[in-house]
Amino acid sequence: MAKIAFILLCHKNPEAIVQQAQQLTAVGDYISIHFDASASKDDYQLIREALADNPNVTFAKKRIKCGWGEWSLVQATLYAIESAVDAFPRATHFYMVSGDCMAIKSAKYAKEFLDGRDVDYIESFDFFESDWIKTGMKEERLIYRHWFNERVHKRLFYWSFWFQRWAGLKRAIPDDIQVQIGSQWWCLRRRTIEWILDFARQRKDVMKFFSTTWIPDETFFQTLVRHLIPAKEIDTRTLTFLMFTDYGMPVTFYNDHFDMLLAQDSLFARKISPEAVDLKKRLGRLYASDQDDFKISNEGRNLFKFLSGRGREGRRFAPRFWEAEASLGRERELLIVACKKWHVAKRLIDAINQNANIPTVAYLFNEEATPLPDLGGIQATLGKRHRHRRAMMRMLFDYHQTDKMVICMDTANLDLMQDFASDRATTKILEIQCEFSDEYLIGHSSRVGLMGHQTPPDTVARLLPTVRNDFAHESDRIRDGGFEHYYRIRELVPPEDNAAAIASFLSVSDDVARTIAQTPYLYVD
């Protein structure tokens, strides 16, 4: 009978990882865990200690820092696979999962399913001929070298790309491989895994090529399986049930999706909401059960398309369980920097990103030109961003694969701050109290159309106090807003005066906060 070695890449929620490992190994299967090296050492130690007595658990031989779209994700997977191959000689199949995945069938059913056909399950479509990539870069992922993380070092990523394009620095794809693309959630036989590891050791040229492609976890295994395995032994699909919205973001499953998930022709599902406690309990019990009489209707994708389509037409279904959760997520933190001087706030969030490694977005609700990823059009205009603000923020959290994000808002956006503060997520406000010279007020008034070059001096003199008082009123409204997590710092003061508030706002050490407090335009010597 099939014995599965699960390959788990994770970076947070150590207690959930321990629970997931215990559930998956309870019926005799195995798991190999790679816990991101950028995550807490204490969390990793907690996982190691909690699973130390479980012989069916192993860990990647080497931990590395992983980033979305990087080769590091493939390398971490290979490290976990190598450990699994050595530790579990009886494993017949290797199944890639994430911390958001859970079984939607019993282990008995899964093993009988895998024993039924001697094939590998992996999406593997021709990279150039298929329409798997809907938006964004396509061949540019391969023919140019990508050294920088697009989410962490966006400017360097695109500068490098455009420079290579301008200079004509295209590169050839290795002659003997035909690049494929598909989901990274695969299930491969032991022989296939061993052949991939042998290939990786022998073909340094191919490894070098993929190491500087963009999003290689969608192409590396997909290409090698097609290169090494006869087509008749490949079932080009994933056994993990997942769906995407019109905006290209994963659909999240909640407590009321239990029956629907069991009816899908898949063994696992992604992504299960951290808040779906009842769903997790029921699925955990299911995997250890002997149930094998699942009624497969496979209607999930059509049902989602039907219900979400009715929502777009303005016709509500009660309950609209696909939209039952309008929250950003209880486990998430939205950190809002409120500042009237946009250039000051932008420099501050740059320092936060560099020193605290927290994703940041500038004035997305105020500036239409704010750089944003393609979210299927929801980000296209300021009007759409305001109307769909919670949906867009959920997408940004998912896009950056983070539970903590910093954004900037103008101090006039009190309604947005109050709306986010009423969410289940934790919302923190950091107001930057600024000094406004007459020169700044004149420039601001010109930008918003209150005055022009020909405005008489006496009109300017009457207008400036009004604008200054308006700014002060906005600040007072924020301070009186009753926010549970409200902090205030001042412009042009010594770093020591601002460090404590920054440390509390970001939940970082005093040293990191002091470094951030030395940001130009915020700091004065």
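- A donor-acceptor pair under 3.5 Å links the side-chain atoms of N469 to the main chain of P465, judged by distance alone.
- Applying the salt bridge (charged side-chain N to carboxylate O under 4.0 Å, His left out) criterion to R468, with sequence neighbours excluded, gives D438.
- For Q19, the side-chain contact (heavy atoms from CB on, under 4.5 Å) criterion is met by Q23, not counting sequence neighbours.
- Across all non-hydrogen atoms, the minimal contact from Y487 to S504 is CE2-CB, 3.4 Å.
- Side-chain N/O atoms of T212 and R171 include a donor and acceptor closer than 3.5 Å.
- Side-chain atoms of Q433 and S475 form no donor-acceptor pair, as typed in the model, at a separation below 3.5 Å.
- Counting only heavy atoms from C-beta outward, the side chains of F210 and V74 never approach each other to under 4.5 Å.
- I173 has its side chain within reach of V179: a pair of non-hydrogen atoms, C-beta onward, lies under 4.5 Å apart.
- Proximity of D131 to F125: side-chain heavy atoms (C-beta onward) are nowhere separated by under 4.5 Å.
- In this structure, the side chains of R270 and S98 come closer than 4.5 Å at one or more pairs of heavy atoms.
- With a 4.5 Å cut-off on side-chain heavy atoms, C10 and Q20 do not count as touching.
- The side chain to side chain donor-acceptor pair (under 3.5 Å) contacts involving residues 331-350 comprise R332-D398, K340-D410, K340-E474, K341-E491, W342-D410, K346-E367, where partners must be two or more places apart or lie in separate chains.
- Separating the OG atom in S72 from the CG atom in N149 is a distance of 7.5 Å, to the nearest 0.5 Å.
- No side-chain donor-acceptor contact under 3.5 Å links S160 to the backbone of L156.
- Proximity of L335 to L430: side-chain heavy atoms (C-beta onward) are nowhere separated by under 4.5 Å.
- Summarising the geometry, atom OG1 belonging to T402 is positioned 7.5 Å from atom CD1 belonging to I358; distances are rounded to the nearest 0.5 Å.
- A heavy-atom distance below 4.5 Å is found between the side chains of D419 and R390.
- Scored by the side-chain contact (heavy atoms from CB on, under 4.5 Å) test, T381 finds E368, K384 as partners (sequence neighbours excluded).
- E218 and Q222 form no side-chain donor-acceptor contact under 3.5 Å, judged by distance and modelled atom types alone.
- Looking at residues two or more places apart in sequence or on another chain, you find a salt bridge (charged side-chain N to carboxylate O under 4.0 Å, His left out) between K154 and E150.
- Separating the CD atom in Q184 from the CD atom in E123 is a distance of 9.5 Å, to the nearest 0.5 Å.
- The six-membered or imidazole ring of F220 lies near that of W71, with a centre-to-centre distance under 6.0 Å.
- Side chain to side chain, S509 and D511 fail the donor-acceptor criterion of an N or O pair below 3.5 Å.
- Both tests do not hold together for R389 against F365: distance to the six-membered ring centre under 6.0 Å, angle to the ring axis within 45°.
- With ring centers used as reference points, F161 lies 6.0 Å or more from W214.
- Remark: D42 pairs with no residue by the salt bridge (charged side-chain N to carboxylate O under 4.0 Å, His left out) rule, at least two apart or across chains.
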